[in-house]
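All residue numbers refer to positions in the sequence shown, counting from 1. Keep in mind the model is a prediction, meaning the values are calculated, not measured.
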Amino acid sequence: EVQLVESGGGLVQAGGSLRLSCAASGFDFEDYAIAWFRQVPGKEREGVSCIRNVDGGTYYTDVVKSRFTISSDTAKNTVNLQMNSLKPEDTAVYYCAAREGIIINNFSTAIYDYWGKGTQVAVSS
């Protein structure tokens, strides 16, 4: 069974840091691209960052670039998202998603086959 399990969410003050993790199982990890999305109630789910596991290629949206860093640990089938300089507008439920392929700059939710259940991130001011 394919599973994606997020962890690492929590409450931090503006300017603080969190590291999210996505533990993957049930598929060939290196053949997939893994992305982080986030969603606020009442708004559409938006892409944050993506990594191509076969070669480590990465992509970030402009709003998080230079603050967030995505990385993968192929030995552990885990993708991490290091979030620094957090802002209140980063508050959201963060989801891990996976799709087979090499394209990492497409954040259409429709192209992702597998999703985790999410982890809450809250940033206070």
Subject >> Minimum heavy-atom distance between S49 and I70, given as atom pair plus value >> reply: OG-CG2, 3.2 Å
Original post:
More than 12 foreign heavy atoms under 6.0 Å from CD1 of I103: is that the case here?
Top reply: no
Original post:
Does some side-chain heavy atom of M83 sit less than 4.5 Å from a side-chain heavy atom of V64?
Top reply: no
**OP:** State yes or no: do L81 and F107 share one hydrophobic cluster built from I, L, V, M, F, W and Y residues joined by side-chain heavy-atom distances below 4.5 Å, directly or via other members?
**Re:** no
Original post:
Which pair of heavy atoms, one from S72 and one from V79, lies closest together, and at what distance?
Top reply: CB-CG2, 4.0 Å
Subject >> Carboxylate-amine/guanidinium proximity below 4.0 Å for E46 and R38 >> reply: yes
Original post:
What distance do N77 atom CG and Y32 atom OH have between them, rounded to the nearest 0.5 Å?
Top reply: 12.0 Å
Original post:
With the 4.5 Å side-chain cut-off for hydrophobic clustering, are V93 and L18 part of the same group?
Top reply: no
**OP:** Answer yes if Y60 and I104 sit in the same cluster of Ile, Leu, Val, Met, Phe, Trp and Tyr residues linked by side chain heavy atoms under 4.5 Å apart, and no otherwise.
**Re:** no
Subject >> Exercise: do R99 and Y112 side chains pair donor with acceptor under 3.5 Å >> reply: no
Original post:
In Å, rounded to the nearest 0.5 Å, how long is the span from CZ of R52 to CG of N105?
Top reply: 8.5 Å
Subject >> Spacing of CG belonging to L20 relative to OG belonging to S7, to within rounding of 0.5 Å >> reply: 8.0 Å
**OP:** Write down the atom of E30, the atom of T74, and the distance for their closest heavy-atom approach.
**Re:** OE2-CB, 3.8 Å
Original post:
Does CD1 in I111 sit with more than 12 non-hydrogen atoms of other residues, nucleotides or ligands closer than 6.0 Å?
Top reply: yes
Original post:
Taking all non-hydrogen atoms of both residues, which atom of S21 and which atom of T78 are closest, and how far apart?
Top reply: CB-CG2, 4.3 Å
Subject >> Shortest non-hydrogen contact between V123 and K87, atoms and distance >> reply: CB-O, 3.3 Å
**OP:** May I ask you to test the Q39-Y95 pair for a side-chain heavy-atom distance under 4.5 Å?
**Re:** yes
Original post:
With a 4.5 Å heavy-atom cut-off, do C96 and W115 have their side chains touching?
Top reply: no
Original post:
Mind checking whether Y114 and F29 sit in one hydrophobic cluster, side chains of I, L, V, M, F, W, Y counted as touching below 4.5 Å?
Top reply: yes
Original post:
Do the side-chain N and O atoms of Q82 and N84 include a donor-acceptor pair separated by under 3.5 angstrom?
Top reply: yes
Subject >> I34 to F27 - nearest heavy-atom pair and separation >> reply: CD1-CZ, 4.2 Å
Original post:
Is there a chain of hydrophobic side chains (I, L, V, M, F, W, Y, each step under 4.5 Å between heavy atoms) that links Y94 to Y59?
Top reply: no
Subject >> Separation of L86 CG from F68 CZ (nearest 0.5 Å) >> reply: 5.0 Å
**OP:** State the CG-SG distance between D73 and C22, to the nearest 0.5 angstrom.
**Re:** 12.5 Å
